[in-house]
J.: 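Sharing a structure here in structure tokens format.
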There are 2 protein chains.
Amino acid sequence: MTTVNALSEVAALMGDPARAAMLSLLMDGRAHTASDLALAAGVTAQTASGHLGRMAEADLLAVRAQGRNRFYRLASPDVAHAIESLMALAGTRAQPASRTAAWRRDPDLRFCRTCYDHLAGQVGIAVTDSLTQHGHLEPKGARDWKLTPSGELFCARVGVDLPGARQASTRHFARQCLDWSERRPHISGALGSAIADTFFKKGWAEKLRRGRTVRLTDSGRRALSRDFGAAI
Amino acid sequence: MTTVNALSEVAALMGDPARAAMLSLLMDGRAHTASDLALAAGVTAQTASGHLGRMAEADLLAVRAQGRNRFYRLASPDVAHAIESLMALAGTRAQPASRTAAWRRDPDLRFCRTCYDHLAGQVGIAVTDSLTQHGHLEPKGARDWKLTPSGELFCARVGVDLPGARQASTRHFARQCLDWSERRPHISGALGSAIADTFFKKGWAEKLRRGRTVRLTDSGRRALSRDFGAAI
DNA sequence: TCAATGGTTCGGCAGATGCCGAAGTATCAT
DNA sequence: ATGATACTTCGGCATCTGCCGAACCATTGA
């Protein structure tokens with residue numbers, strides 16, 4: 001009973017078009033102002049405020065007041081994961097081509113994007129596949145990976161901040177996240193986030209100003225080939 | 001824009017309390033009848049029918065008509081995954097106690113009964129499992145089996161009237177029939193009927209005067225163990 | 001053949017909810 | 001102070017949609 005209510009309440013929150021539009025925007029992992037989200041959802045500020053308040057109340061969103069702005073972001077990686085898996089479902093559905101979302105066919109977005117705070121798309125999958133194929137990651141349970149000793153060495157060599165990742169003891173360390181465009185799991189969790197940070201810090205990848213699309217730089221391509229043994 | 005619609009449409013389907021209750025029940029991975037799901041959701045059959053139709057239309061559920069029942073199940077592991085990740089957001093608790101019809105709990109009926117003209121229940125499943133595990137039956141298409149050469153020999157040895165079964169050219173020969181109580185396919189079609197006939201003719205099983213319940217005799221138990229290698 | 005059962009469709013009703021205009025609060029700029 | 005900006009609360013309206021009664025179809029069992 002309670003579990004059912006919990007399921008329907010959370011799903012119903014995501015099930016409104018305006019709120020879904022806001023959540024989609026927030027999937028870039030950044031914090032956005034209420035105005036921004038109202039614009040994205042195509043509703044007035046009052047309406048957006050109501051939606052945002054409800055989602056924050058339900059712990060789907062976290063709020064931070066800054067001056068006269070209020071910044072909203074996804075409350076946790078779990079929220080992002082749930083949204084991603086719903087999107088994967090939606091992608092499965094056979095739809096008339098004319099109604100298919102333009103951005104779902106966007107090749108850049110399919111190639112590389114942020115999924116909350118880690119990498120997704122072909123690049124995210126390439127990184128994940130490299131780690132598993134070289135024995136750095138091993139399946140653990142139904143939805144996690146385990147970092148092997150060789151994986152620890154690899155992270156140290158490439159410059160992934162493992163100690164920092166381990167500090168976030170509250171979140172999953174090496175979580176599987178279903179990629180909606182590739183339809184296979186990529187690495188998320190603290191380790192996925194640390195890997196993404198490495199990509200951005202070393203200039204291997206850059207977030208575009210708008211949207212979730214990430215551009216892989218030339219040095220990023222070289223790093224993928226040299227360090228990960230991945231051909232992209 | 002359509003992407004948002006896709007997300008919100010899927011989420012909205014899961015966001016109704018009645019539909020969420022149905023999905024929760026279906027999370028056991030088994031197929032359930034529309035009546036079962038209506039009961040679980042606490043709504044009437046008409047209302048449930050509407051919900052189930054919508055979820056099937058959206059490819060969240062798969063349907064299989066079986067006699068006058070319609071069995072619904074989750075369309076794919078991805079659906080289960082999405083539901084699970086939504087449940088994770090609000091914390092998981094115990095499942096609601098399912099109220100099932102009295103006859104469904106009748107242990108004798110669950111043990112052995114006729115399903116039209118063939119055997120169902122634990123005995124029907126035991127027979128079917130024996131045939132498949134010994135290589136006598138092989139899957140053929142989505143809803144049929146194929147009798148292998150070793151299966152032909154086995155039938156001859158046990159005394160199943162194969163020529164008679166083959167004469168009924170109008171009906172399926174070795175059909176899969178979803179077992180109501182075991183929720184797994186058992187053998188039906190002309191071959192299933194011929195096998196059941198053998199059970200009754202040899203005194204391995206007896207139909208009770210009323211209802212569909214079938215009693216397995218002592219010699220039937222021995223035959224199951226000796227000829228089928230099944231422990232009941 | 002006829003009744004019982006499982007399931008669906010249709011139509012109308014009632015409650016839920018999303019929407020915006022108007023008004024109110026807090027912060028910033030001048 | 002005064003005005004502008006960002007955001008929220010309130011109230012009423014329109015729509016949506018879930019619900020059930022009634023009727024209908026298909027299969028089954030006798």
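In what follows, chains carry the letters A, B, and so on, assigned in the order in which the sequence lines appear, proteins first and then strands, with residues in each chain numbered from 1. From a predicted model like this one, the values you see are computed outputs, not experimental measurements. Worth knowing before you read on, the calculation uses all heavy atoms, side chains too, and leaves out hydrogens, waters and symmetry mates.
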J.: Specify the separation, in whole Å, of atom CZ of A/F71 and atom C1' of C/dT27.
T.: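 The answer, rounded to whole Å, is 14 Å.
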
J.: For B/H32 and C/dG6, give me the distance from atom NE2 to atom P, rounded to whole Å.
T.: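 About 17 Å, once rounded to whole Å.
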
J.: Could you list the residues that satisfy side chain to side chain contact (heavy atoms under 4.5 Å, CB included) with A/A82, not counting sequence neighbours?
T.: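 With neighbours one apart ignored, the set is A/M14, B/S85, B/L86, B/L89.
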
J.: Not counting sequence neighbours, which residues clear side-chain hydrogen bond (donor to acceptor under 3.5 Å, both in side chains) with B/D161? List them please.
T.: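 B/D161 satisfies side-chain hydrogen bond (donor to acceptor under 3.5 Å, both in side chains) with no residue once adjacent residues are dropped.
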
J.: Does a side-chain N-to-carboxylate-O contact under 4.0 Å join B/K201 and B/E206?
T.: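 Salt bridge flag = no for B/E206 with B/K201.
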
J.: Closest to the A/A18 side chain: D/dG18, C/dC19, D/dT8?
T.: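 Looking only at heavy atoms from C-beta outward on A/A18, the closest nucleotide is C/dC19.
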
J.: Calculate the interatomic distance between B/H118 atom NE2 and D/dT28 atom C1'; express it in whole Å.
T.: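 It is 13 Å, rounded to the nearest whole Å.
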
J.: From C-beta outward on A/V43, which listed nucleotide comes closest to its side chain: C/dT8, D/dC19, C/dC20?
T.: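 Looking only at heavy atoms from C-beta outward on A/V43, the closest nucleotide is C/dC20.
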
J.: Please determine if a side-chain N or O atom of B/T47 lies less than 4.0 Å away from the OP1 or OP2 oxygen of D/dG18.
T.: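 No, B/T47 has no side-chain N/O under 4.0 Å of OP1/OP2 on D/dG18.
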
J.: Would you kindly compare A/A12 and A/Q46 by the position of their nearest DNA chain C nucleotide and give the one closer to the 5′ end?
T.: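 Its nearest nucleotide lies further toward 5', so the answer is A/A12.
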
J.: Scan residues 50-65 of chain A against DNA chain D and write down, sorted by residue number, each residue with any heavy atom closer than 4.0 Å; if none is found, say none.
T.: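 Output list: empty, so none.
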
J.: Only counting residues at least two apart or in another chain, list the ones meeting side chain to side chain contact (heavy atoms under 4.5 Å, CB included) with A/Q46.
T.: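 Side chain to side chain contact (heavy atoms under 4.5 Å, CB included) check on A/Q46 returns A/T44.
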
J.: With sequence neighbours left out, what residues match B/Q133 under side-chain hydrogen bond (donor to acceptor under 3.5 Å, both in side chains)?
T.: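 Partners of B/Q133 under the side-chain hydrogen bond (donor to acceptor under 3.5 Å, both in side chains) test: none.
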
J.: Sequence neighbours left out, what passes side-chain hydrogen bond (donor to acceptor under 3.5 Å, both in side chains) with A/E9? Give chain and number order.
T.: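 Listed in chain order: nothing, the list is empty.
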
J.: Looking at residues at least two apart in the chain, or sitting in another chain, which of them share a side chain to side chain contact (heavy atoms under 4.5 Å, CB included) with A/R54?
T.: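 Here the qualifying residues are A/L13, A/R19.
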
J.: Considering just the side-chain nitrogens and oxygens of B/S49, establish if one lies under 4.0 Å of OP1 or OP2 belonging to C/dT8.
T.: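 For B/S49, the contact criterion (side-chain N or O under 4.0 Å from OP1 or OP2 of C/dT8) is met.
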
J.: Report the distance from atom CG of B/L37 to atom P of C/dG6, rounded to the nearest whole Å.
T.: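 My rounded result for the distance is 14 Å.
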
J.: List, one per line, each side-chain donor-acceptor pair under 3.5 Å for residues 217-232 of chain B, sequence neighbours excluded.
T.:
from   : atom 1 : to     : atom 2 : distance (Å)
B/T217 : OG1    : B/G203 : O      : 2.7
B/T217 : OG1    : B/W204 : O      : 3.0
B/T217 : OG1    : B/S219 : OG     : 3.2
B/T217 : OG1    : B/G220 : N      : 3.0
B/S219 : OG     : B/G203 : O      : 3.2

J.: Apply ring-ring contact (aromatic ring centres under 6.0 Å, His included) to residues A/H81 and B/H81 and explain how you reach the verdict.
T.: CA-CA 10 Å; A/H81 181 247; B/H81 178 84; 5.1 Å; yes

J.: For C/dG6, does OP1 or OP2 lie under 4.0 Å from any side-chain N or O of B/Y72?
T.: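 It does not, given that no N or O in the side chain of B/Y72 lies less than 4.0 Å from OP1 or OP2 of C/dG6.
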
J.: Identify each atom pair where a protein N or O and an N or O of nucleotides 2-6 of chain D are less than 3.5 Å apart, giving names and distance.
T.:
from  : atom 1 : to    : atom 2 : distance (Å)
D/dT5 : O4'    : A/R68 : NH1    : 3.4
D/dT5 : O2     : A/R68 : NH1    : 3.4
D/dA6 : O3'    : A/R68 : O      : 3.3
D/dA6 : O3'    : A/N69 : OD1    : 3.0

J.: Using only side-chain N and O atoms of B/T44, determine if any of them is under 4.0 Å from OP1 or OP2 of D/dC19.
T.: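 No, B/T44 has no side-chain N/O under 4.0 Å of OP1/OP2 on D/dC19.
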
